[in-house]
Chemist: 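One structure coming up, written as structure tokens, with questions to follow.
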Amino acid sequence: MLVTVDIGNTNITIGIFDKDDLIGTYRLTTKVRRTSDEYGFMLKNFLDRSNVHEKQIDAVIVSSVVPKVMHSFTNGIKKFVGIEPLIVGPGVKSGISVQLENPRNVGADRIADCAGAFNEYGGPILVADFGTATTYDYVDENGCFKAGAIGVGIETGANALWGQTAQLPEIEIKRPKTILARNTQTEMQAGVFYQFLGGVEYTIAQFKKEVGKDMKVIATGGLGRIVCSYTKSIDVYDPNLIFKGLKVIYEKNKD
């Protein structure tokens, strides 16, 4: 069995594979001050929840954009699972040729997303990940990561709106029944949702215009659910893309 782990700025997501079947997915808050025992105990609880004993685990692969968490998390894996994890980074084969100006600066999660999308859907593709930040990554038909864009995530932008404006309340981020809002909460929902949706659609259109060809648009990330149902610009919403990508990378490096 394979355990795939993505450590993001806000959440750590864990996927457990039994051969090609994803049998469990879990999420916990990223906290720098957790000890290796805390992380290891949480991981063991997730395994137990999926009826998996740690001795059944053959490998663990980790992508991370939070270096400060890595020491505690990897030590937790070693202590509770007894496995040295594979860390996605320079020198690890992914099947994606990163052709940006500074390939080493590209987050491991973005590479894993692209690997999963290219393996599952082919190319050319645009991978849109809706998380703390919103990222767009263009991969051509040969698996070359040619360009990307990074913007504010919908939740991050909304937090800034009510966090820096004294009289505006915190709201649930969702599509309101109408844009013709008549109270503050619904006005904020309308503004946040439609401004973000419009930005997503324009960004995708601009990628297609400047690349000069059509491409399949694959969306992922927990916040993607908020917009993907309300636009024709996105072809597929795949919430498990990061796990699929990490599995692809593991398969390319296990020998």
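Scope of the values below: all heavy atoms of this structure, side chains included, with no hydrogens, waters or symmetry mates.
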Chemist: Can a donor-acceptor pair be found between the side chains of Y237 and S229 at a distance below 3.5 Å?
Modeler: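 Side-chain D/A pair, Y237 to S229: absent.
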
Chemist: Identify the two heavy atoms, one from R34 and one from L28, that lie closest to each other, and give their separation to 0.1 Å.
Modeler: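 Distance-wise, the nearest heavy atoms are NH1-CD1, 3.7 Å.
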
Chemist: Under 3.5 Å, side chain of T30 to main-chain N/O of G8, donor-acceptor pair present?
Modeler: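 Pair found, side chain donor or acceptor close to backbone of G8.
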
Chemist: One pair to check against side-chain contact (heavy atoms from CB on, under 4.5 Å): R182 and E187. What are the steps and the verdict?
Modeler: CA-CA 7 Å; R182 300 182 64 185; E187 287 178 288; over 6 Å; no

Chemist: Distance-only, no hydrogens or angles: does the N102 side chain make a donor-acceptor pair with backbone N or O of R104 under 3.5 Å?
Modeler: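 Absent.
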
Chemist: Could you work out, with salt bridge (Lys or Arg N to Asp or Glu O under 4.0 Å) as the rule, every residue matching D37, not counting sequence neighbours?
Modeler: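 Once residues adjacent in sequence are excluded, the partners of D37 under the salt bridge (Lys or Arg N to Asp or Glu O under 4.0 Å) criterion are K79.
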
Chemist: Any side-chain heavy-atom pair from L126 and D137 closer than 4.5 angstrom?
Modeler: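 They are not in side-chain contact.
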
Chemist: Mind checking salt bridge (Lys or Arg N to Asp or Glu O under 4.0 Å) for K254 and listing every partner two or more places apart, or none if nothing turns up?
Modeler: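 With sequence neighbours excluded, K254 shows a salt bridge (Lys or Arg N to Asp or Glu O under 4.0 Å) to E251, given in chain and number order.
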
Chemist: Keeping to residues at least two apart or across chains, list the side chain to side chain donor-acceptor pair (under 3.5 Å) pairs with something in residues 143-159.
Modeler: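 For residues 143-159, and leaving out neighbouring residues, the side chain to side chain donor-acceptor pair (under 3.5 Å) pairs sorted by first residue read Q99-K146.
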
Chemist: Just by distance, do the side chain of E38 and the backbone of T35 share a donor-acceptor pair under 3.5 Å?
Modeler: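 It does hold such a pair.
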
Chemist: Output, in order, the C-alpha distance, side-chain angles, deciding distance and verdict of side-chain contact (heavy atoms from CB on, under 4.5 Å) for V5 and V60.
Modeler: CA-CA 8 Å; V5 181; V60 180; 4.3 Å; yes

Chemist: Taking only residues two or more places apart in sequence, or in another chain, which ones meet D6 in a side chain to side chain donor-acceptor pair (under 3.5 Å)?
Modeler: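 Here the qualifying residues are S63.
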
Chemist: Checking one residue: L241. Which other hydrophobic residues are in its cluster under the side-chain 4.5 Å linking rule?
Modeler: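 L241 shares its hydrophobic cluster with I96, V98, L100, V106, I111, F118, Y121, I125, V127, V139, F145, I218, V236.
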
Chemist: For A115, is there any backbone N or O sitting under 3.5 Å from a side-chain donor or acceptor partner on S94?
Modeler: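 Answer holds: no.
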
Chemist: Would you call M1 and V52 a side-chain contact if the rule is heavy atoms closer than 4.5 Å?
Modeler: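 Side-chain contact under 4.5 Å: yes.
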
Chemist: Would you confirm whether N240, through its side chain, and F243, through its main-chain N or O, come within 3.5 Å as a donor-acceptor pair?
Modeler: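 Flag not set: sc N240 to bb F243 has no pair under 3.5 Å.
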
Chemist: So does I249 get a backbone contact from the side chain of N253, meaning a donor-acceptor N/O pair under 3.5 Å?
Modeler: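 Answer holds: yes.
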
Chemist: So M188 and P169, do their side chains get closer than 4.5 Å, heavy atoms only?
Modeler: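 Yes. Closest side-chain heavy atoms under 4.5 Å.
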
Chemist: Is the backbone N or O of W162 less than 3.5 Å from a side-chain atom of E170, with the two atoms forming a donor-acceptor pair by type?
Modeler: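 Not at all, since once roles are kept as given, no pair shorter than 3.5 Å links the two residues.
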
Chemist: May I have the list of side-chain donor-acceptor pairs in residues 9-22 shorter than 3.5 Å, sequence neighbours left out?
Modeler:
{"residue": "T10", "atom": "OG1", "partner": "T132", "partner atom": "OG1", "Å": "2.8"}
{"residue": "D20", "atom": "OD1", "partner": "K247", "partner atom": "NZ", "Å": "2.9"}

Chemist: Could you work out, with side chain to side chain donor-acceptor pair (under 3.5 Å) as the rule, every residue matching Q206, not counting sequence neighbours?
Modeler: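 For Q206 the side chain to side chain donor-acceptor pair (under 3.5 Å) partners, ignoring immediate neighbours, are E210.
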
Chemist: Does S64 use its side chain to pair, donor to acceptor, with the backbone of V66 at less than 3.5 Å?
Modeler: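 At least one qualifying donor-acceptor pair exists.
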
Chemist: The criterion is side chain to side chain donor-acceptor pair (under 3.5 Å); which residues satisfy it with K216, sequence neighbours excluded?
Modeler: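 None.
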
Chemist: Report the residues that fulfil side chain to side chain contact (heavy atoms under 4.5 Å, CB included) with F41, sequence neighbours left out, ordered by chain and then residue number.
Modeler: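 Applying side chain to side chain contact (heavy atoms under 4.5 Å, CB included) to F41 gives N45, F80.
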
Chemist: Going by the rule side chain to side chain donor-acceptor pair (under 3.5 Å), which residues pair with H71 if we only count those two or more places apart in sequence or in a different chain?
Modeler: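 Residues passing side chain to side chain donor-acceptor pair (under 3.5 Å) with H71: N75.
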
Chemist: Which ring pair (Phe, Tyr, Trp, His ring centres under 6.0 Å) pairs, counting each pair once, include a residue from residues 191-235, with sequence neighbours left out?
Modeler: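 Pairs touching residues 191-235 that pass the test: F130-F196, F193-Y230.
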
Chemist: Hey, does V200 have a side-chain heavy atom less than 4.5 Å from the side chain of T203?
Modeler: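 Heavy-atom side-chain distance check fails, nothing below 4.5 Å.
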
Chemist: Go through the structure and list residues passing side chain to side chain contact (heavy atoms under 4.5 Å, CB included) with E101, not counting sequence neighbours.
Modeler: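 So E101 forms no side chain to side chain contact (heavy atoms under 4.5 Å, CB included) with any residue.
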
Chemist: In the single-linkage hydrophobic clustering (I, L, V, M, F, W, Y; side-chain heavy atoms under 4.5 Å), do V3 and I7 co-cluster?
Modeler: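 In one cluster: yes.
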
Chemist: Do E54 and I77 make a side-chain contact, defined as non-hydrogen atoms from C-beta onward lying under 4.5 Å apart?
Modeler: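 They are not in contact (no side-chain heavy atoms under 4.5 Å apart), so the answer is no.
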
Chemist: Are the side chain of D140 and the backbone of G143 linked by a donor-acceptor contact shorter than 3.5 Å?
Modeler: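 A pair under 3.5 Å: yes.
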
